[in-house]
Amino acid sequence: MSKELTSRAENYSQWYNDLVLKGGLADYSAVKGCMVIKPYGYALWENMRDQLDKMFKETGHVNAYFPLFVPKSLFEAEEKNAEGFAKECAVVTHYRLKNDPSRPGKLMVDPDAKLEEELIVRPTSEAIIWNTYRDWIQSYRDLPILINQWANVVRWEMRTRLFLRTAEFLWQEGHTAHATKEEAVEETLKMLNVYSTFVEEYMAVPVIKGIKTANERFAGAEDTYCIEALMQDGKALQAGTSHFLGQNFAKAFDVKFSDKNNTLDYVWATSWGVSTRLIGALIMAHSDDQGLIMPPKIAPLQVVIVPIYKGEESKPLIDAKAKAILDELKTLGIRVKYDDNDNARPGWKFAEHELKGVPVRIAMGLRDMENNVVELARRDTKEKKPVSMDGLAGYIKELLEEIQQNIYNRALSFRNENIREANGWEEFVQLLDEKGGFIAAHWDGTPDTEEKIKELTKATIRCIPLDNKPEDGKCILTGKNSTQRVLFARAY
RNA sequence: CGGGAUGUAGCGUAGCCCGGUUAUCGCGCCUGGUUUGGGACCAGGAGGUCGCAAGUUCGAAUCUUGCCAUCCCGACCA
């Protein structure tokens, strides 16, 4: 009633916006291109962050924090990186306001407070970090450095979308320094695997691991590896990247180390990141026309208990039973809430929790008490059935795992059904327009051809899958020889 | 940055073309009561710089100009 959702079929973009706004994840803000992440959305991010943080620590990383501002001279040191981000940088030029003499009560930028050197608001932190690493690294004994930071960054986008692309966003960025190329490459792939494990096992979103083509590579990287996910509308979404930076930043910032033989060499680097964009991926991979569907492992709330009572006399009875179940579930480490708010009636609560994607709902009324059962509803399948109160907590714990698996399987089938091979140009264009999804096709390996295909179809090469099998073929555009298929898609 | 659309209470809206008392309705909110197994009902009540700023006019939500914001579609990007 009060919260009508646009259906996916009607308007996919609007459906997405409705879910974010009405599901209570985020709001628009007074700042153009920036959003407010609301408590429910932030709780989701915290769960994602905590799990990732744990995985980073398990792989030997530590957290640190570097400044928001990057002096322009440092920013421009690695030229390719600087060039790549130049068009979307916020720049601080002044450090003071003053009263505006011509408009009483208003402020103006104080022209006398111009900075000697402009400060760039970080779009990413390689520059400031590698400038710091120079001071930290002298010998191979100082290596490796395995640092991660949780931070906000700013990229001044022309067109923004909640979670998917905002001017400011939250992310983590890992920045590592190594003595050898092999070790850096190993690190790059290790973190790619951490990402794919996290996204698949916790977010229940299947991904394809691959390597980016030169056109799509991170500015300043030698190689960019990525995980690519598929959304329900058939568009691809880059869910995370891990970069092998070679010695580019070490050279730009003069970071050298002495090896065991006392010979000097530049340090090898990696960087890797995922952002709040993952929340967009989560929404578009799983949710339906009734609202969000949260994977249990990172759902802010895993179970909600809704009492149904007639008159005040039955309430204490239900309360007692509900609290017992609540305690049992909490003991098992399940995130659960007893929603006995008297302002809303059961039907309203059902709809609200469905909108918010709470994986399991327990409804309990007098009738259930008499039969020693509760009504259990799962969000992913909408299935409702009575379940005995005996052993309920254990049952729910298993059910949450089953839901997690089911959501993943569903997304995986969808993804797999939407990877198609195209062997000629017309077939390629037709598949793209009629089916969407990933299209595995031959490509002659040149940036020009990739660019041309993008111009003609808006499809880009999402990646060259890591598990690709060699296969001789002809490029769909130029007909030139090709040794493997690459994955094309229209992307977010 | 280009094209299109929109902006009236927390949300959704009527009114605008054709200027004229106190700006419409629904949801939500507050108070009281009855209710509670799929978005309850009754009664009473509060809430508005009509996006902002100029202009035209005796008079502007309504007409004009400028600006701002948001959404959708492009270009750019994670």
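Per chain, numbering begins at 1; letters A, B, ... match sequence-line order.
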*Report yes if the distance between the aromatic ring centroids of Phe438(A) and Phe488(A) is under 6.0 Å, otherwise no.*
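Phe438(A) vs Phe488(A): aromatic centres not under 6.0 Å.
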*asked:* Please report whether the ring centroid of Trp156(A) lies less than 6.0 Å from that of Phe85(A).
replied: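 They do not qualify: ring centres at least 6.0 Å apart.
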*Would you check, one step at a time, whether the test ring pair (Phe, Tyr, Trp, His ring centres under 6.0 Å) holds for Trp272(A) with Phe56(A)?*
CA-CA 11 Å; Trp272(A) 27 274; Phe56(A) 296 156; 5.2 Å; yes
Round to the nearest Å and state the distance from [X] atom [atom1] to [N] atom [atom2].
X         : N      : atom1 : atom2 : answer
Leu317(A) : G37(B) : CG    : P     : 18 Å
Phe218(A) : C77(B) : CZ    : P     : 14 Å
Tyr225(A) : A78(B) : OH    : P     : 18 Å
Arg361(A) : G39(B) : CZ    : P     : 12 Å
Asp339(A) : G37(B) : CG    : P     : 14 Å
His243(A) : A78(B) : NE2   : P     : 9 Å
Met231(A) : A78(B) : CE    : C1'   : 13 Å
Arg155(A) : C77(B) : CZ    : P     : 12 Å

For the [atom1] atoms, the ones on [N] and on [M], what distance do you get once it is rounded to whole angstrom?
N      : M      : atom1 : answer
G12(B) : A46(B) : P     : 24 Å
G59(B) : G20(B) : P     : 15 Å
U57(B) : U62(B) : P     : 16 Å
G51(B) : A60(B) : C1'   : 16 Å
U6(B)  : C16(B) : P     : 15 Å
G37(B) : C73(B) : P     : 40 Å
G33(B) : G38(B) : C1'   : 25 Å
G19(B) : G47(B) : C1'   : 27 Å

In the structure I gave you, are the side-chain heavy atoms of [X] and [Y] within less than 4.5 Å of one another anywhere?
X         : Y         : answer
Val373(A) : Val387(A) : no
Phe163(A) : Met284(A) : no
Val274(A) : Arg49(A)  : no
Glu187(A) : His61(A)  : yes

Just to be sure I understand the rule, does [X] reach a base, reach only the sugar-phosphate, or reach nothing, if contact means heavy atoms closer than 4.0 Å?
X         : result
Glu173(A) : nothing
Glu157(A) : base
Lys212(A) : nothing
Leu237(A) : nothing
Phe169(A) : base

*Go ahead and write out RNA chain B as dot-bracket, 5' to 3': ( ) for pairs within the strand, [ ] for ones crossing earlier pairs, | when the partner sits on another strand, dots for unpaired; Watson-Crick or G-U wobble, both distances under 3.5 Å.*
((((((((.[[[..)....(....]]].((((((.....)))))).....[[[[[..)....]]]]])))))))....
*Just checking, any donor-acceptor pair under 3.5 angstrom between side chains of Glu173(A) and Ser125(A)?*
yes
*Tell me the side chain to side chain donor-acceptor pair (under 3.5 Å) pairs involving residues 293-309 of chain A, sequence neighbours left out?*
Tyr309(A)-Asp342(A)
Where do N or O atoms of nucleotides 68-72 of chain B meet protein N or O atoms at under 3.5 Å, pair by pair?
unit_1, atom_1, unit_2, atom_2, d
U70(B), OP1, Gly33(A), N, 3.4
U70(B), OP2, Lys32(A), NZ, 3.2
C71(B), OP1, Tyr28(A), OH, 3.0
C71(B), O3', Asn17(A), ND2, 3.3
C72(B), OP1, Asn17(A), ND2, 2.8

_Just verifying a value: how many Å separate Leu25(A) CG and Tyr42(A) OH, rounded to the nearest 0.5 Å?_
14.0 Å
*Any cation-pi pair here, Lys212(A) with Tyr225(A), using under 6.0 Å and within 45°?*
no
_Arg361(A) to Phe350(A) six-membered ring, cation-pi geometry met (6.0 Å, 45°)_ = yes
Nucleotide N/O of nucleotides 33-35 of chain B paired with protein N/O under 3.5 Å:
none

*Give a yes/no answer on whether the side chain of Lys454(A) brings an N or O atom under 4.0 Å of OP1 or OP2 in C77(B).*
yes
_Check: Glu352(A) side chain, G38(B) base, donor-acceptor under 3.5 Å_ = no
*Is any side-chain N or O of Lys384(A) under 3.5 Å from a base N or O of G38(B), one able to act as donor and the other as acceptor?*
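Yes.
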*Arg217(A) or Ala351(A): which one's nearest nucleotide on RNA chain B is closer to the 5' end?*
Ala351(A)
*Taking salt bridge (Lys or Arg N to Asp or Glu O under 4.0 Å) as the test, write out the residues that go with Arg277(A), two or more places apart.*
none
*asked:* Could you check whether Lys209(A) pairs with Glu228(A) (Lys NZ or Arg NE/NH1/NH2 to Asp/Glu carboxylate O, under 4.0 Å)?
replied: no
*So, does Arg122(A) use its side chain to make a donor-acceptor pair with the main chain of Asn152(A) at under 3.5 Å?*
yes
*For Glu168(A) and Val153(A), indicate whether the former's side chain and the latter's backbone hold a donor-acceptor pair under 3.5 Å.*
no
*Which letter, B, S or -, goes with each nucleotide of nucleotides 46-51 of chain B from 5' to 3', with contact meaning a protein heavy atom under 4.0 Å?*
------
_Measuring from the side chain of Lys458(A) (C-beta onward, heavy atoms only), which nucleotide among G38(B), G74(B), A78(B) has the closest atom?_
G74(B)
